[in-house]
> 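Here it is, the structure in full.
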Amino acid sequence: MKNNRNRKEEKGAKGIMKIKLACGTDNGTEFTNEHFGSSKYFLIYEFDLETKDLRFLKRIENSTQEEEKHGDIKKAKSVSELLGNVSVFVANRYGPNIKRIKRRFIPIISREKNIKKTLNKVKLYSNKIEIEKENRLNKEIIFIKREEITNW
């Protein structure tokens, strides 16, 4: 049974209004060159799906265990536990564990390395994020192409 207090979501007439998203980074401004779960830090934001406001909350050091092998299920579980109250993962790259995490989290893949530019584009996907949040089985991956950001 999920603890609604830990989910930190506010619901309104249209459904979920505020969610949390995490960006995987090594330097605080760009997505890591490694897979999401291997990031040194996770930047946590609150995203209001109705107003499209994004608010930085905190930076979390990635204290998850190292992979014993590529696509290690223990690594996926460790990242899921660390970021349990987050709904959306935003990264430049994911590893084989994306199959596992998309059962619980909405993965966004951005080909733009800059986090701020990507987050501005994420705002345009608020309806898609809300739909996928309600999808209980297997969430779709949201792709953001670099040229979409450049031309935006």
Side-chain angles (χ1 to χ4, degrees), residues 1-11 15-49 54-119 121-146 148-149:
M1 184 174 159
K2 292 181 182 174
N3 184 340
N4 288 334
R5 200 175 318 159
N6 287 339
R7 298 302 297 171
K8 302 268 186 192
E9 297 168 343
E10 296 179 17
K11 297 187 181 206
I16 299 165
M17 301 308 281
K18 293 183 182 180
I19 61 168
K20 290 185 181 173
L21 61 89
C23 298
T25 186
D26 295 335
N27 62 19
T29 58
E30 293 182 332
F31 294 108
T32 183
N33 289 323
E34 303 299 321
H35 296 156
F36 178 84
S38 298
S39 304
K40 289 183 183 177
Y41 307 101
F42 298 108
L43 304 179
I44 310 300
Y45 293 85
E46 181 180 72
F47 182 33
D48 187 313
L49 294 170
L54 265 166
R55 183 172 62 98
F56 176 76
L57 297 177
K58 61 185 170 181
R59 181 181 90 163
I60 298 175
E61 186 172 349
N62 187 353
S63 59
T64 62
Q65 65 185 48
E66 292 295 318
E67 283 184 312
E68 292 177 18
K69 60 180 179 168
H70 193 62
D72 188 354
I73 193 169
K74 291 177 188 173
K75 178 69 172 184
K77 184 177 180 185
S78 185
V79 171
S80 294
E81 288 172 359
L82 179 67
L83 301 175
N85 66 345
V86 172
S87 299
V88 179
F89 291 174
V90 186
N92 189 252
R93 297 177 61 202
Y94 290 91
N97 277 324
I98 193 168
K99 294 179 288 191
R100 292 179 181 94
I101 64 137
K102 69 183 197 141
R103 294 180 193 142
R104 183 170 169 197
F105 304 96
I106 303 163
I108 296 178
I109 298 175
S110 175
R111 293 302 173 216
E112 169 61 51
K113 294 287 290 175
N114 184 280
I115 292 171
K116 284 186 181 181
K117 287 181 181 179
T118 297
L119 291 178
K121 186 65 176 183
V122 165
K123 293 176 183 183
L124 299 177
Y125 290 87
S126 60
N127 289 339
K128 177 72 173 157
I129 291 169
E130 189 166 4
I131 290 167
E132 289 306 316
K133 179 70 177 121
E134 295 302 317
N135 184 353
R136 302 262 184 232
L137 299 175
N138 203 12
K139 294 160 182 22
E140 285 187 36
I141 301 167
I142 298 172
F143 292 94
I144 300 176
K145 298 176 184 171
R146 187 171 184 183
E148 287 178 330
I149 294 171

> Can you tell me how far CD of Glu134 sits from CD1 of Ile106, rounded to the nearest 0.5 angstrom?
9.0 Å
> Is it true that a side-chain atom of Lys145 and a backbone atom of Arg111 form a donor plus acceptor pair closer than 3.5 Å?
no
> Considering the options Leu119, Ile19, Val88, which one meets the side chain to side chain contact (heavy atoms under 4.5 Å, CB included) requirement together with Phe47?
Ile19
> Determine whether Leu124 and Ile144 make a side-chain contact, defined as any pair of heavy atoms from C-beta on separated by less than 4.5 Å.
no
> As a quick check of understanding, evaluate side-chain contact (heavy atoms from CB on, under 4.5 Å) for Cys23 and Phe42, giving each step before the final call.
CA-CA 5 Å; Cys23 298; Phe42 298 108; over 6 Å; no
> What is the distance from atom NZ of Lys102 to atom CD1 of Ile142, rounded to the nearest 0.5 Å?
11.5 Å
> Does the side chain of Lys40 come under 3.5 Å of the side chain of Thr32 through a donor N or O and an acceptor N or O?
no
> Does Ser87 reach the side chain of Lys20, with side-chain heavy atoms less than 4.5 Å apart?
no
> Of the non-hydrogen atoms in Pro96 and His35, which two are nearest, and what is the gap between them?
CD-CE1, 4.4 Å
> Do you know which two heavy atoms are closest between Ser80 and Ile101, and how far apart they sit?
OG-CG2, 4.4 Å
> Using only atom types and a distance under 3.5 Å, with no angle test, would you say the side chain of Asn62 pairs donor to acceptor with the backbone of Gly37?
yes
> Looking at Val79, is its backbone amide N or carbonyl O close enough to the side chain of Thr64 to form a donor-acceptor pair, meaning the two atoms are under 3.5 Å apart?
no
> Are Leu54 and Lys123 packed together at the side-chain level, in the sense that at least one heavy-atom pair is separated by less than 4.5 angstrom?
yes
> Given side chains that start at C-beta, do those of Asn27 and Tyr41 come closer than 4.5 Å, heavy atoms only?
no
> Working note: Ile44 + Arg59, criterion side-chain contact (heavy atoms from CB on, under 4.5 Å); need CA distance, chi angles, decisive distance, verdict.
CA-CA 6 Å; Ile44 310 300; Arg59 181 181 90 163; over 6 Å; no
> Might you point out which heavy atoms bring Phe36 and Ala91 nearest each other, and give the distance in Å?
CD1-CB, 3.6 Å
> For the atom pair NZ (Lys117) and CD (Glu30), what is the distance rounded to the nearest 0.5 Å?
9.5 Å
> Ser110 vs Lys121, test: side chain to side chain donor-acceptor pair (under 3.5 Å). Steps then yes/no.
CA-CA 9 Å; Ser110 175; Lys121 186 65 176 183; over 6 Å; no
> Hey, are Asn33 and Lys113 close enough side-chain-wise for a donor-acceptor pair under 3.5 Å?
yes
> Are Glu34 and Ser39 close enough that some pair of their side-chain heavy atoms sits under 4.5 Å apart?
no
> Could you walk me through whether Lys18 and Leu49 pass the side-chain contact (heavy atoms from CB on, under 4.5 Å) check?
CA-CA 6 Å; Lys18 293 183 182 180; Leu49 294 170; over 6 Å; no
> With salt bridge (Lys or Arg N to Asp or Glu O under 4.0 Å) as the test, would you mind laying out the steps for Glu140 and Lys128 before giving the verdict?
CA-CA 9 Å; Glu140 285 187 36; Lys128 177 72 173 157; 3.2 Å; yes
> Work out which heavy atom in Asn92 is nearest to a heavy atom in Ile109; give both atom names and the distance.
O-CG2, 3.8 Å
> Considering non-hydrogen atoms only, spot the tightest contact between Ala76 and Asn97 and give its length.
CB-CG, 3.5 Å
> Side chains of Phe31 and Thr25, heavy atoms from C-beta outward: is any pair under 4.5 Å?
no
> Report yes if the side chains of Ile141 and Ile108 come closer than 4.5 Å at any heavy-atom pair, otherwise no.
no
> Please confirm whether Tyr94 and Phe89 have ring centers closer than 6.0 angstrom.
no
> Check Glu132 against Asn138 and note the closest heavy-atom contact, atom names and distance.
OE1-O, 4.4 Å
> Is there side-chain contact between Tyr125 and Ile131, with at least one heavy-atom pair below 4.5 Å?
no
> Crowded around Lys116 NZ? As in, over 12 foreign heavy atoms under 6.0 Å?
no
> With no hydrogens and no angle check, is any side-chain donor or acceptor of Asn127 less than 3.5 Å from a backbone partner on Glu130?
no
> So how far is it from Glu46 CD to Met17 CE, rounded to the nearest 0.5 Å?
11.5 Å
> Indicate yes or no for a side-chain donor-acceptor contact from Glu61 to the backbone of Ser63 under 3.5 Å, with no hydrogens or angles considered.
no
> Could you tell me the separation between the NZ atom of Lys139 and the CZ atom of Phe105, rounded to the nearest 0.5 Å?
9.5 Å
> Check whether Ser78 reaches the backbone of Lys74 with its side chain - one donor and one acceptor, N or O, closer than 3.5 Å.
no
> Stepwise, does the side-chain contact (heavy atoms from CB on, under 4.5 Å) test hold for Ile115 with Thr29?
CA-CA 6 Å; Ile115 292 171; Thr29 58; 5.9 Å; no
